[in-house]
Amino acid sequence: MSYAIVTVNRPDKLNALNDRTMEELDAAFAGFAGDPATRGVILTGAGEKAFVAGADIGELSTQSPVEGKERSIRGQGILDRIENLGKPVIAAVNGFALGGGCELAMACHVRIASENARLGTPEVKLGIMCGYAGTQRLSRLVGKGRALEILLTGEMVDAAEAHRIGLVNKVVPRDKLLAEAESLLRKMLANGPLSLRFTLEAVNAGLEMPFAQAQYLEATLFGLICTTGDMKEGTQAFLEKRPPNFRGK
Ligand code: COA
């Protein structure tokens, strides 16, 4: 069962996302999308202090309005690519996840945090605002009221509070973080790859549709999955009391 571990690696800048790092992330996830051997991804940050402490403020400080808009659209597209990978992506949040780092973690499907993690969107303290869909994903994850409190104060929440409001799924000691993320990903990857793909699609696309339309999408994907070998194999394996051997076909 093969999966990738992606580490944002600029620890001297708390893994801040400059344009080059964003391009590298984009290329990595484009590669995973086209590689059937990579069944899922864990995303984390290098060093002891940070997952990602935001977009690179040095680059942001000199941008023109047009460059700012383009950077925002580019970043949103990269995070969309992660969210729509069609394979599970888990953020292992090992410290500060701020601004673009919080937005990056929210584009992942599940977030596991270490006890020292602190999350937030401090952009307003810099006289800017979220530009990688943080206003939208945070509101959808924790609800409008809690999202606006975080977005408008720019204050960080600690791991326990992030867990309480549903911003992260689980909090574990720092030295257990990667093992916990791997264990969770392995549980997912034991299931049918097409089941995972279609479920991700139903949730991601369905949440943006009216309920009846989303139900119809779900029914259509359910019909599609009934055509697959994995459906035959999974149901047959249950009836024969043996583990399934899914092929993703
Ligand atoms: N962009 C660019 N550089 C950053 C950065 C960012 N988002 N976040 C941290 N860094 C750099 C610091 O400038 C510093 O670099 P230096 O050693 O060359 O001076 C280095 O990373 C270490 O950060 P430092 O501030 O010294 O660590 P700290 O432990 O005192 O504070 C934070 C940690 C996270 C509270 C603080 O770095 C911070 O507030 N960062 C910015 C967070 C932010 O506003 N993110 C949203 C950006 S849109």
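Counting starts at 1 for both ligands and their atoms, following the listed order.
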Can you confirm whether something in the protein, heavy atoms only, sits under 4.0 Å from [atom]?
{"atom": "atom 25 (O) of ligand 1", "result": "no"}
{"atom": "atom 39 (O) of ligand 1", "result": "no"}
{"atom": "atom 8 (N) of ligand 1", "result": "yes"}
{"atom": "atom 30 (O) of ligand 1", "result": "no"}

Measuring from the heavy atoms of [X], does anything fall under 4.0 Å of ligand 1?
{"X": "Asp12", "answer": "yes"}
{"X": "Thr121", "answer": "no"}
{"X": "Gly100", "answer": "no"}

Between Ser114 and Asn116, do the side chains contain an N or O donor and an N or O acceptor separated by less than 3.5 Å?
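Note: Ser114 and Asn116 side chains meet the donor-acceptor criterion.
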
Step-by-step side-chain hydrogen bond (donor to acceptor under 3.5 Å, both in side chains) determination, Glu59 to Gln63
CA-CA 7 Å; Glu59 284 184 352; Gln63 67 196 351; over 6 Å; no

Report task. Between Cys130, Pro122, Gly58, flag the one that comes closest to atom 46 (C) of ligand 1 by a heavy atom. Result ->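 Of the listed residues, Pro122 has the closest heavy atom.
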
Subject >> ligand 1 versus Ala16: contacting region, heavy-atom distance under 4.0 Å >> reply: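 For Ala16, only side-chain atoms sit under 4.0 Å from ligand 1.
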
- Message: Would you say that Asn15 contacts Phe51 through its side chain, given a criterion of any heavy-atom pair below 4.5 Å between the two side chains?
- Response: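 Counting from C-beta outward, Asn15 and Phe51 never come under 4.5 Å.
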
Do Arg118 and Glu155 sit within salt-bridge range, that is, some charged N less than 4.0 Å from a carboxylate O?
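Judged by the 4.0 Å cut-off on N to carboxylate O distance, Arg118 and Glu155 do not form a salt bridge.
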
- Message: With side chain to side chain donor-acceptor pair (under 3.5 Å) as the rule and sequence neighbours excluded, what pairs involving residues 98-109 come up?
- Response: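 Listed once each, the pairs would be none.
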
Contacting atoms of ligand 1, where contact means under 4.0 angstrom from a heavy atom of [X]:
{"X": "Leu60", "answer": "48 (S)"}
{"X": "Leu98", "answer": "34 (C), 42 (C)"}
{"X": "Lys49", "answer": "27 (O), 28 (P), 29 (O)"}
{"X": "Glu123", "answer": "48 (S)"}

If you count heavy atoms of other groups shown closer than 6.0 angstrom to CZ of Arg20, is the number above 12?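 It does not: Arg20 CZ has 12 such atoms or fewer within range.
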
Practice problem: Flag yes if more than 12 heavy atoms outside Glu24 fall under 6.0 Å of its CD atom; otherwise flag no. | Solution: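 Count over threshold, so yes.
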
**Prompt:** Looking only at N/O atoms, are Asp56 and ligand 1 under 3.5 Å apart anywhere?
**Reply:**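 No; the residue has no nitrogen or oxygen that sits under 3.5 Å from a nitrogen or oxygen of the ligand.
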
